[in-house]
Visitor: 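One structure is given below, represented as structure tokens, and several questions about it will come after.
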Amino acid sequence: MPAKASRAAFGEALVELGARDDRIVTLDADLSKSTMTARFARTYPGRGFNLGIAESNMIGVGAGLALAGKIPFVCSFACFVVGRFETIRISVAYTGANVKIVGTHAGIAIGEDGYSQMGLEDIACLRALPNVPIIQPADELETRQAVAYAVEHQGPLYLRLTRQSLEPVCPADSRFRLGRWLTLRPGNDVALIASGGTVFNALEAATRLQSEGVSAEVINAASIKPLDEDTLVRAATRTRRVVTVEDHSIFGGLGGAVAETLAEVAPTPLKRLGVTGFGESGDPKGLYAKHGLDPAGIAASVKKFLNR
Amino acid sequence: MADGQLDAIARACRVQIIRMLTHAGSGHPGGSLSVIDLLVTIVFGRLRHDPRRPDWADRDRIVLSKGHAVPALYTVMARAGYFPESQLVTLRQLGSPLQGHPDRVALPGIEAATGSLGQGLSISLGMALGLKLARSPARVYCILGDGEIQEGQVWEAAMAGPKLGQPDHPLDNLTVIVDYNRIQLDDFVAKILDLEPLLAKWQAFGWPVQEIDGHDVAQIGKALDQAEAARGTPALIVAHTVKGKGVSFMENNPEWHGKSPKPAEAIAAIGEILGVSEAAWPDYLRTDATTRALVDELGALDPK
């Protein structure tokens with residue numbers, strides 16, 4: 001499989017699933033060309049709704065459609081859709097409405113558009129809601145499986161997707177399951193837990209570290225909530241060092257979730273890699289290098305953390 | 001149902017509103033009393049529903065967007081048979097499905113979790129659209145508070161309402177009613193952030209608008225008929241109401257937006273709602289055992 005953005009894989013998967021299940025509808029707020037639902041709306045006239053630049057109303061309309069039996073995918077940039085947190089909190093989560101919230105353009109990897117368009121706090125916000133699972137697939141295969149899962153899942157759910165292309169990282173026979181992580185590379189000295197667009201970079205970092213005598217395990221944490229406590233604790237107990245790698249604020253994201261669980265269940269030295277401030281404009285590669293999320297930056301942080 | 005019967009039901013519901021709020025020791029009497037005639041006219045005058053099957057796909061739906069007035073909805077639901085009237089006094093108590101604001105999961109028959117103001121119209125648009133797509137004959141009634149309209153999401157929804165679903169699935173299965181009681185928590189709406197010209201605003205957004213007395217069940221019924229007859233568009237009714245309607249010391253007084261009556265105040269309020277003068281009250285209680293029991297029940301509550 002060639003590299004593909006998870007938003008693109010999402011758009012394609014939704015067209016395929018839409019043929020089998022006419023309950024699926026899409027809602028957008030003037031970004032359907034970017035969230036990649038435009039093809040769904042063209043393929044299935046009358047099932048794609050553009051609510052204009054009015055995200056709160058879009059989320060509420062999605063809740064109402066869900067309460068009338070539809071399976072609405074409510075889509076925008078991660079920052080814009082999750083930014084309407086109070087509407088998600090009451091109209092979707094507390095209501096238990098079967099709404100699939102889709103946030104694309106996650107992280108600093110969107111590049112040039114800069115901070116106001118970057119979803120960097122969305123995981124932190126939605127982690128606080130008791131009944132909203134958070135899924136961030138790492139490549140095309142996993143995205144297709146996650147979208148199919150979202151249709152089957154009864155209740156609200158958040159799907160976090162990238163603008164940038166993602167190299168394939170999951171084995172062809174792998175299968176996405178909520179609450180389960182995928183160990184992509186075994187290792188003994190440290191466990192790298194990554195999600196979404198950072199999984200590939202974590203794998204590249206592990207290759208570099210190998211040549212320098214460090215054996216790094218790499219785990220793909222597509223299911224950010226619930227996380228996979230068994231896999232996490234097993235890896236932490238064995239390697240005795242954990243590093244999380246995410247294109248999200250280090251406050252309250254994957255690193256925060258891992259920290260909470262480890263502190264309670266298996267206290268283990270932990271280093272959280274991610275975004276520590278606001279984002280900014282720039283080329284994506286340069287931004288990843290600046291924030292230490294490129295393979296070289298991850299490898300350097302790991303070595304420093306291990307005192308090697 | 002005849003208008004006189006609707007008035008009688010509304011009176012009984014007003015008594016229950018006072019009763020449950022007095023038991024709860026907190027809650028919102030003003031907006032509950034302003035909206036009750038609207039709710040009674042909808043539920044007992046025309047709503048297609050079945051309290052034994054709250055998940056019936058083709059039921060009409062009521063979204064009480066001004067969720068703080070939910071005691072009014074609870075009294076109507078109890079009377080319709082969704083739960084026993086005796087449960088009303090559990091309002092706001094730990095473990096009760098009668099939450100302080102509507103909880104769809106806790107109480108079957110509640111259509112939407114509201115109370116975080118400004119969200120109900122969007123949900124109603126989605127419901128109406130979903131029902132249209134399913135070719136359901138069901139209708140959606142959305143009740144907005146006047147203060148609530150200050151929320152921006154209401155105007156996002158107002159802009160979308162007449163456009164959404166067009167041309168094949170216009171939302172002419174949706175009736176929206178504004179309970180225009182002119183008072184919000186802090187003060188009179190006109191003093192906080194005036195809504196006027198309210199009708200012109202909705203008209204400019206493409207809504208057919210009617211203006212009625214929200215305590216006149218005949219006017220309410222006629223306006224609901226006319227809204228239902230509109231084709232190709234959702235319809236709006238601005239219902240002019242009196243906050244605290246039926247209880248003289250609560251009427252038009254911002255103090256009674258969100259404060260429950262003490263037992264003595266509740267008993268006085270019930271006398272007024274029933275239209276019994278102070279002089280005639282002792283005799284009335286001797287002849288009406290139900291009211292006597294209610295007065296005894298409230299009198300036994302801790303005056304706090």
Side-chain angles (χ1 to χ4, degrees), chain A residues 18 21-30 44-74 76 80-81 83-101 129-131 154-156, chain B residues 54-61 63 65 67 99 101-106 110-136 138-140 142 151-161 163-169 171 173-174:
Chain A
D21 193 334
D22 66 4
R23 295 173 301 168
I24 298 172
V25 295
T26 60
L27 278 70
D28 274 275
D30 195 39
Y44 306 111
R47 289 170 61 187
F49 301 96
N50 203 322
L51 278 300
I53 308 168
E55 291 82 5
S56 299
N57 185 51
M58 170 181 71
I59 295 162
V61 169
L65 280 163
L67 295 176
K70 295 291 174 188
I71 303 177
F73 280 75
V74 168
S76 186
F80 302 145
V81 66
R84 276 60 185 179
F85 179 74
E86 175 60 11
T87 307
I88 295 175
R89 188 175 82 99
I90 298 298
S91 292
V92 176
Y94 187 49
T95 301
N98 192 23
V99 174
K100 315 307 168 185
I101 302 163
L129 296 175
N131 62 343
Q154 278 298 315
Chain B
D55 57 351
W56 176 32
D58 286 335
R59 70 192 182 279
D60 291 345
R61 284 134 168 105
V63 174
S65 192
Q99 292 286 293
H101 290 77
D103 178 348
R104 187 176 185 279
V105 178
I110 292 288
E111 298 290 356
T114 52
S116 176
L117 295 175
Q119 300 189 29
L121 183 54
S122 301
I123 295 171
S124 301
L125 296 184
M127 279 181 183
L129 179 59
L131 292 166
K132 277 280 179 155
L133 292 171
R135 296 188 164 71
S136 168
R139 193 159 190 85
V140 180
C142 175
E151 288 279 3
Q153 188 181 334
V154 172
W155 296 102
E156 292 184 6
M159 198 183 303
K163 314 279 184 210
L164 190 58
Q166 297 282 7
D168 298 328
H169 306 289
L171 306 187
N173 55 346
L174 170 64

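Chain letters run A, B, ... following the sequence lines, proteins first, then strands; residues in each count from 1.
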Visitor: If you count heavy-atom pairs within less than 4.5 Å of chain B, which of A/A54, A/A63, A/A68, A/S56 leads?
Guide: A/S56

Visitor: Sort out for me which of B/A113, B/G130, B/G118 touches chain A most, counting heavy-atom pairs under 4.5 Å.
Guide: B/A113

Visitor: Side-chain contact, heavy-atom cut-off 4.5 Å: B/L164 with A/L51?
Guide: yes

Visitor: Check the pair B/L129, A/V25 against side chain to side chain contact (heavy atoms under 4.5 Å, CB included), reporting the backbone distance first and the verdict last.
Guide: CA-CA 11 Å; B/L129 179 59; A/V25 295; over 6 Å; no

Visitor: Output the option from B/L133, B/V140, B/D168, B/L131 having the highest count of non-hydrogen pairs under 4.5 Å with chain A.
Guide: B/L133

Visitor: Can you measure from CD1 (A/I59) to CD (B/Q153) and round to the nearest 0.5 angstrom?
Guide: 7.5 Å

Visitor: Are B/R104 and A/L67 close enough, and set up right, to give a side chain to side chain contact (heavy atoms under 4.5 Å, CB included), and what steps lead you there?
Guide: CA-CA 11 Å; B/R104 187 176 185 279; A/L67 295 176; 3.4 Å; yes

Visitor: Quick one: CE on A/M58 to CD on B/E156, what's the gap to the nearest 0.5 Å?
Guide: 9.5 Å

Visitor: What's the separation between atom CD1 in B/I123 and atom OG1 in A/T87, rounded to the nearest 0.5 Å?
Guide: 8.5 Å

Visitor: My understanding is that only one of B/D103, B/T114, B/V105 makes a side chain to side chain contact (heavy atoms under 4.5 Å, CB included) with A/Y94; could you say which?
Guide: B/D103

Visitor: Answer with side chain, backbone, both or neither: which region of A/I90 has an atom nearer than 4.5 Å to a non-hydrogen atom of chain B?
Guide: both

Visitor: For residues B/A160 and A/N57, report the shortest heavy-atom separation together with the two atoms involved.
Guide: CB-ND2, 3.5 Å

Visitor: Considering all heavy atoms of both residues, which atom of B/Q119 and which atom of A/E86 are nearest to each other, and what is their separation?
Guide: NE2-O, 3.3 Å

